[in-house]
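Quick note: numbers below take in every heavy atom, side chains included, and nothing from hydrogens, waters or symmetry partners. So that the names make sense, note that chain A is the first sequence line, chain B the second, and so on, each numbered from 1.
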Amino acid sequence: MAQFTVTVNATAHSTINTEDTWIELLPPANVSILLKRIRVSFAHTTVSDVPCRIRVTRSSAAGATGTAATFVKRRPASPAAVTGGNVKNGTSAFTVGTVVDVLMDSVVNTRGIFEWVSRDEDDYMTSGVNQRINVLIKVNLASMVLNAECDFEE
Amino acid sequence: MCGQYVVRATVPSLSSSESTFVEIFPPANVQVAIKRIKITFPSTVVTDVPVQIKVYRTSAAAGGSSAGTAISKSPTNATSVSTIKVFTTAAGTIGTIVDKVLDMALNSKGAFEWIARDKDDYLWSNANQRLTITGIVQSGATDVIAEVEYIE
């Protein structure tokens, strides 16, 4: 299976503590995405000391409105990803779609970094049929600049 | 694969211009893969600034250079065949970017380590391309030690 990386550097919601979608992945109906790693880090120019909540969900409907995601191959010789998706676009809001399952819900202080890595193949976060897998973020500081990244196989 | 190697760059006063720390350039018939990256901050005076770290595949060399040394993890391994650059007293400019394979930020009061989870998770080079690790301080300045481990 080929592995891909999606990264986004964007600005949190202009209203404090308002959840946005940062990464929304939608595979074809006959393909499963296996999430292996998620990382959220804080590139804001001013160091802050606030909580940031990160959720990973499956959803049955899209949020609005992101911009098309770029999938970088881990191995350059791999075929292109068949998965589609959107990421948060700068300061634009990207609402949360219809949540079906919450796979992960964690909080980190913005002086730190959050990273989840799957321990083994049973530990992957897997998409459902005709469902999206999403990374949702809200932070206790309006318009904070964040990096979100996920690695997946398909 | 010949073996696993460590490259280290100590960069003084990294500031608000994105600078190359380490550049790994294998021969055309060789692929390299990064397995581990570690970023720490050796300033004797504690700093409290946001630092952004990126890994790119680049198609042209970074500007400025100091030839670097790839230290073999096992003393019996063959010498690395890749050309290594590290940027110390003069932080290097960025070469021509093809892909961005890693992008994250951390506070200089902390430390960061990325480790490949498995072989599919390695950061692989492409033919005639370099693997380049860069950094930038969002505001302020700080010293950085960047360590990269790769296989070829």
Is there a chain of hydrophobic side chains (I, L, V, M, F, W, Y, each step under 4.5 Å between heavy atoms) that links [X] to [Y]?
X: A:Leu25; Y: A:Val87; result: yes
X: A:Leu26; Y: A:Phe4; result: no
X: A:Trp22; Y: A:Leu141; result: yes
X: A:Leu103; Y: A:Ile38; result: yes
X: B:Ile24; Y: B:Phe21; result: yes

Spacing of [atom1] belonging to [X] relative to [atom2] belonging to [Y], to within rounding of 0.5 Å:
X: B:Lys100; Y: A:Asn9; atom1: NZ; atom2: CG; result: 6.5 Å
X: A:His44; Y: B:Gln52; atom1: NE2; atom2: CD; result: 13.0 Å
X: A:Leu146; Y: B:Met104; atom1: CG; atom2: CE; result: 13.0 Å
X: B:Glu113; Y: A:Ile113; atom1: CD; atom2: CD1; result: 11.0 Å

**Item:** Interchain contact, B:Ser16 with chain A, by part (heavy-atom threshold 4.5 Å)
**Value:** neither
Taking [X] first and then [Y], would you say they form a salt bridge - that is, a charged N and a carboxylate O separated by under 4.0 Å?
X: A:Arg74; Y: B:Asp120; answer: no
X: B:Asp118; Y: A:Lys36; answer: yes
X: A:Lys73; Y: B:Asp99; answer: no

**Message:** I'd like to verify something: which residue of A:Ser118, A:Gly112, A:Ala2, A:Ala148 has the highest number of heavy-atom pairs under 4.5 Å with chain B?
**Reply:** A:Ser118
Under 4.5 Å between any side-chain heavy atoms of [X] and [Y], yes or no?
X: A:Arg111; Y: B:Asp48; value: yes
X: B:Val101; Y: A:Thr5; value: no
X: B:Phe112; Y: A:Glu115; value: yes

Which portion of [X] sits near chain B, non-hydrogen atoms under 4.5 angstrom:
X: A:Arg75; result: both
X: A:Thr45; result: both
X: A:Arg37; result: side chain

**Part of residues 137-150 of chain B lying next to chain A, heavy-atom separation under 4.5 Å** = B:Gln138, B:Ser139
**Message:** Run the side-chain hydrogen bond (donor to acceptor under 3.5 Å, both in side chains) test against B:Ser17 and tell me which residues pass, sequence neighbours left out.
**Reply:** none
**Message:** Please check: side-chain N/O of B:Asp103 versus main-chain N/O of A:Thr7, any donor-acceptor pairing under 3.5 Å?
**Reply:** no
**Message:** Would the distance check show the side chain of A:Ser41 and the main-chain N or O of B:Ala105 forming a donor-acceptor pair, the cut-off being under 3.5 Å?
**Reply:** yes
**Message:** One pair to check against side chain to side chain contact (heavy atoms under 4.5 Å, CB included): A:Arg39 and B:Leu102. What are the steps and the verdict?
**Reply:** CA-CA 10 Å; A:Arg39 183 167 54 242; B:Leu102 187 147; 3.4 Å; yes
**Message:** Ignoring hydrogens, what is the shortest heavy-atom contact between B:Pro50 and A:Phe42? Give both atom names and the distance.
**Reply:** CB-O, 4.2 Å
**Message:** I'd like to know which of B:Asn107, B:Val51, B:Ile115, B:Val49 tops the heavy-atom pair count under 4.5 Å against chain A.
**Reply:** B:Asn107
